[in-house]
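Data first, discussion second: the structure below is written as structure tokens.
Start at 1 with the first residue, then count along the sequence. Since the model is a prediction, treat every value here as computed from it, not as a measurement.
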Amino acid sequence: MAVYEKLMSIQQELKAPKGQYNAFGKYSYRSCEDIVEAVKPLAGKVKAVLTITDRVELVGERYYIIATATLMDAETGEKISVTSQAREEDSKKGMDAAQVSGA
């Protein structure tokens, strides 16, 4: 089974319910930890490994978190990755710049 077939198998079986609740925003969500815990047994079944790494990068005057998720086929070493970026808001009511970055 190739790495894309393993990914497809994991995606078809993955169930990661929204088990967290944000009382302030009044919404349910799933955390990264929730997703990773749901992926582990499925990845083990198809002999694949999921890794997630992140780094901080300065772009212009803003700091971004660059996160990369990689699925590696433990049998062949073949891997696929996806990268995403996130940054803090410019400002938040009642917070100074340090508090915004920390939040």
May I have all residue pairs that pass salt bridge (charged side-chain N to carboxylate O under 4.0 Å, His left out) and include part of residues 66-77, sequence neighbours excluded? Lys6-Asp73, Lys6-Glu75
With clusters built from Ile, Leu, Val, Met, Phe, Trp and Tyr whose side-chain heavy atoms come within less than 4.5 Å, directly or transitively, what are the remaining members of the cluster of Ile66, listed by chain and number? Val59, Tyr64
4.5 Å side-chain heavy-atom contact, Lys26 and Tyr21: yes
Any sub-3.5 Å donor-acceptor pair from Gln12's side-chain atoms to Ser9's backbone N or O? no
How many angstroms lie between CD in Gln11 and CG in Leu71, if you round to the nearest 0.5 Å? 9.0 Å
Nearest 0.5 Å, please: how far is CD1 in Ile35 from CD in Glu33? 9.0 Å
Measuring from Ser28:OG to Gln20:CD, what's the distance to the nearest 0.5 Å? 9.5 Å
Which pair of non-hydrogen atoms, one from Ala2 and one from Glu5, has the smallest distance, and what is that distance? N-OE1, 2.7 Å
Atom pairs and distances, side-chain donor-acceptor, residues 36-51, under 3.5 Å, sequence neighbours left out:
residue : atom : partner : partner atom : Å
Glu37   : OE2  : Lys40   : NZ           : 2.9
Lys45   : NZ   : Glu13   : OE1          : 2.7
Lys45   : NZ   : Glu13   : OE2          : 3.3

Tyr29, OH: over 12 other non-hydrogen atoms inside 6.0 angstrom: yes
What residues form a side-chain contact (heavy atoms from CB on, under 4.5 Å) with Ala67, not counting sequence neighbours? Asp54
Using only heavy-atom distances, determine whether the side chains of Ser81 and Thr68 contain a donor-acceptor pair under 3.5 Å. no
Quick check: is Ile10 connected to Ile52 through a chain of hydrophobic side chains (ILVMFWY, heavy atoms under 4.5 Å apart)? yes
By the rule that ILVMFWY residues connect when side-chain heavy atoms come within less than 4.5 angstrom, directly or transitively, which residues belong alongside Ile65? Val56, Leu58, Tyr63
Results of salt bridge (Lys or Arg N to Asp or Glu O under 4.0 Å) for Arg30 - residues two or more places apart only: none
